[in-house]
Trainee: 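Structure provided below as structure tokens; questions to follow.
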Amino acid sequence: MNNLFLQNPEFIQEANIAPSDIITALPSLIVPSINHLHDCFFITDENWILTYVNDDLLDLMNQTREVFSNKLLWDCAPDLIGTAFEKNYRYALTNQVSLNFKDYYKPWNKYLEVNIYPNGKGISVYLKDVSKQQQLPAQIDLLRSCIDRLNDVVIITEIDVEKTIPKVIFVNEAFLKISGYTREDVIGKNMAILNGPPGQEKEIIKIREAMRNFKPIKTELLNYTKFGSVFGIELDIVPVANQHGQFVHCIVVGRDISERKKNEILLLKNQENLKFVLESGNVAHWDQDFTNNVNSYSSLYFKMLGITDPDNKSKWSMKDVYEYVHIDDKKIVLNEYHRVLKGMETYNVEFRVIWPNGEIHWLWCRGKVFLDDMKKITNANGIITDISERKKTEDQIKQLAFYDPLTQLPNRRLLTERLQFTLSQNSDYFNGLLFLDLDNFKTLNDTLGHDKGDILLKAVSKCIEGCVRKTDTVARLGGDEFVVLINHVSTCHKEAQKEIQKIGKKILELLNKPFKFGNYEHLSPASIGATMFANNYYTVEDLLKQADVAMYQAKSNGKNSLVFFETQMQEAINSRVVLENDLRRGILNEEFVLYYQPQLDNSNQVYGAEALIRWIHPEKGLIPPMTFIPLAEETGLIVKMSQWIFKQACKQLVIWSKNPATAHLTLAVNVSIEHFKQENFIEQVMEIVAQTGANPNKLKLELTESALITNMEDGISKMNILKSHGVNFSLDDFGTGYSSLNYLKRMPLQQLKIDQSFVRDMLSSANDAIISKTIINLAHNLNLEVIAEGVETIEQKQFLHNNGCSRYQGYLFSKALPINDFMYYVSTTI
Ligand code: C2E
Ligand code: CA
Ligand code: CA
């Protein structure tokens, strides 16, 4: 027993007993105290005889002291035998050493902590029920595995009060999984090892602040994993106090918000990208929050208004922009604004702004408006683009597409568009359409060149524009054709016609004044065809056609005149179309014949003939040349037709040449202007002459002055070449044109042909008589033959004869005859 106390000096100290007194004092000292212990205690001697058992042990064994006293331990507690208890007891007793162990004691269903102390001979055994303590680690294990199974991250840190650096003392599996760390990596370390990318300093300070004040805090952080990737975590940090009220631990519960954070980062990135794209694409962005009255504008936004960033940027509103809007576009902008107020959720408007430096820029503003349940605007945002360049190009394209580059007048397309618009109005007001064609433009272009032609066209366009209102349209269709659309003239037909006529006449009057090109003056009269319309009964094409038809009528009425369209004119046009189709077929089917009108000398001898074409129409019978020659010329059909005529004429000359009675006959062939103008006219004629074998000396080409006038030099040179091949020339319809004596002298002519109009009236009109006489004299002076055509009376022939004419052609002798009749005529006059 003494050994127990000797080996346990703390006990002795606490009991305040001198070691020498221990043995004697023991029973009175320890027994009562042991009895009051909840722990069990017994002593055995070296033979395992129980010398002492405390009350707790007796209670536990449910035995009286008498039963146990001086009994063998193994008899009192046979359950000990074979257990670790027995083994350890024996070992301690045999070796007289202290032992301490814990084990489960089945009969009591308890964990016992056993302290064995040798006491000289036997042992003293102290049993302590540690079942509760033994359970705690198991419970903690349970808790830990629960916490480990949580999806949420749990971290427990311990705050070292002095150092104030919290250390991690616990992390769960979820933490390990998300962070990539092992427990060894983090336990005992500071949480800062997790710190993520920079930019979270504010958040970390907040957390520290909360910890310092022992306040829970909710926060979000970006952390790095062990391997350096970022994970986002939402944290609930709660300081926990110990039983003394000191905050020594922090429980951190976190949720992985990496996905959300990733999306947020992506969103941010996208926003930045968008900003970049917008700005590099010259797009300004703005956002207006009406609820919180917060507005944001990208810096480009103000640049687009020509201002450097204003101070009160966030106070800017559409109202401020409105100040910059061009006066002509304010209405458009306001309309769009009202549209939005009425509930349209998107807007899209183009307008001009005037920069403070005076520059005008086109802006394109698009965006979206957000309305609340009450249809009140809460937010609006959008983008603005400077589209000045685009507008410029659009204008240029428009200019090219809709305007004539020479005069800058609207072209046919724009005219059509405007005319279409006027028609769509379908109003009671009459509108006028003038079709204007310059009379001598071709001549000017051919004689003075295209430069001068262009100058004239510009001058004419200015002149016409000066005669109409700004709301009217003056268009150039091409060449020397102009069209004027006079809108909204009057509801009264008569009044409208009067007004349109007045405008047309004014234009004619102005154009009839000579234009000056340096020293040269050019008279450029015009012909105008006019039409009127009120409702949309006609189409654009109808109206243009009507005005065109009227213009042709004006031209044939004589130059410098204005004619209003009438329905009969259209009929004439329609029949022209039919005629043209007929003509094509006629040429294909060779429905033409040449008639021959005799030409006689003073002794009434037939010395030649003029070939005159006739169309033997299968249904309409014989058609005179004046009905179809102009149309053939207009359509270009004349070239084919002329070649046929030349061939027929040459063949006839060859036939005549083979008969002594006709071998002397010459044949005059009329040359069409359009044919003569052909570049290879000479080749065409000479080829036919060569092919047929006709004698060119017997061939006489009748040219009119008008055929030559457009290009006199070219005409004369063609004549000279043909003359050099033996072909002769007669100037037809002489006296009606304007050829100057100068040119006349240079032409290789054989003959002048007095126009039949002078012959017709020479006996009644002194003027015509004088002209006829003058032509005859002129011919003599120029050493030319002179022939009079259209001689119908003996008196006419006599007059001509008396004045020196020696050749005649006309009904007095014969009409143009089919070849057989002509041959007969010739045979009778020999
Ligand atoms: P042109 O060359 O002045 O032909 C003379 C016209 O006067 C012919 O009319 C002829 O029949 C007509 N004539 C002849 N004598 C008299 C007369 O005493 N009194 C009246 N009132 N008329 C007379 P035609 O054959 O009808 O030809 C008319 C015009 O057609 C010609 O005028 C000519 O310009 C053109 N033409 C006729 N045949 C041809 C042709 O083969 N080729 C070309 N290019 N034009 C032709
Ligand atoms: Ca003729
Ligand atoms: Ca003639």
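Because the structure is a prediction, the values reported are computed rather than measured. Numbering of residues begins at 1 and proceeds along the displayed sequence. Just so you know, ligand 1 is whichever comes first in the structure, and atom 1 is the first atom listed for that ligand.
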Trainee: How about Phe676 and Phe681: are their ring centres within less than 6.0 Å of each other?
Mentor: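 When the ring centroids of Phe676 and Phe681 are compared, they turn out to be within the sub-6.0 Å range.
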Trainee: Please set out all donor-acceptor pairs under 3.5 angstrom arising from side-chain atoms of residues 500-513, sequence neighbours excluded.
Mentor:
none

Trainee: Under a 4.5 Å cut-off applied to non-hydrogen side-chain atoms, are His450 and Leu457 in contact?
Mentor: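 Answer no - side chains too far apart.
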Trainee: Return the OG1 to CG distance between Thr531 and Leu434, rounded to the nearest 0.5 Å.
Mentor: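 Separation between the atoms: 10.0 Å.
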Trainee: So for atom CD, which belongs to Glu521, do other residues, nucleotides or ligands contribute more than 12 heavy atoms lying within a distance under 6.0 Å?
Mentor: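 For Glu521, atom CD is crowded (more than 12 foreign heavy atoms under 6.0 Å).
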Trainee: Between Gln809 and Lys753, do the side chains contain a donor N or O and an acceptor N or O under 3.5 Å apart?
Mentor: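 Yes.
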Trainee: Check whether any side-chain heavy atom of Phe482 sits under 4.5 Å from a side-chain heavy atom of Leu477, and report yes or no.
Mentor: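 No; the side chains remain at least 4.5 Å from each other.
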Trainee: Between the Ca ion (ligand 2) and Glu610, which N, O or S atom of the residue is the nearest one?
Mentor: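 Restricting Glu610 to its N, O and S atoms, the minimum distance to the Ca ion (ligand 2) goes to OE2.
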Trainee: How about Glu702 and Leu731: do any of their side-chain heavy atoms sit closer than 4.5 Å?
Mentor: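 Of all side-chain heavy-atom pairs linking Leu731 with Glu702, none is under 4.5 Å.
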Trainee: Hey, do the aromatic rings of Phe628 and Phe592 have their centres closer than 6.0 Å?
Mentor: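 So the answer is yes for these two rings.
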Trainee: Just to be sure I understand the site: which N, O or S atoms from the protein are less than 3.0 Å away from the Ca ion (ligand 3)?
Mentor: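 Short answer, with waters excluded from the count: Asp732 OD1, Asp733 OD1, Glu789 OE1, Glu789 OE2.
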Trainee: Contacts table for ligand 1: protein N or O within a distance under 3.5 Å of ligand N or O, distances only.
Mentor:
residue  : atom   : partner : partner atom : Å
ligand 1 : 2 (O)  : Glu610  : OE2          : 3.2
ligand 1 : 2 (O)  : Asn670  : OD1          : 2.9
ligand 1 : 2 (O)  : Asp732  : OD2          : 3.0
ligand 1 : 3 (O)  : Asp733  : OD1          : 3.4
ligand 1 : 7 (O)  : Gln756  : NE2          : 2.8
ligand 1 : 15 (N) : Gln597  : NE2          : 2.9
ligand 1 : 18 (O) : Glu792  : OE2          : 3.4
ligand 1 : 18 (O) : Tyr811  : N            : 2.8
ligand 1 : 19 (N) : Glu792  : OE2          : 2.4
ligand 1 : 21 (N) : Glu792  : OE2          : 3.1
ligand 1 : 22 (N) : Gln756  : OE1          : 3.2
ligand 1 : 22 (N) : Tyr811  : OH           : 3.4
ligand 1 : 25 (O) : Arg614  : NH1          : 2.9
ligand 1 : 25 (O) : Arg614  : NH2          : 2.9
ligand 1 : 38 (N) : Ile613  : N            : 3.0
ligand 1 : 44 (N) : Asn670  : O            : 3.4

Trainee: For Asp768, which residues count as a salt bridge (Lys or Arg N to Asp or Glu O under 4.0 Å) partner, sequence neighbours excluded?
Mentor: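 Not a single residue meets the salt bridge (Lys or Arg N to Asp or Glu O under 4.0 Å) criterion with Asp768.
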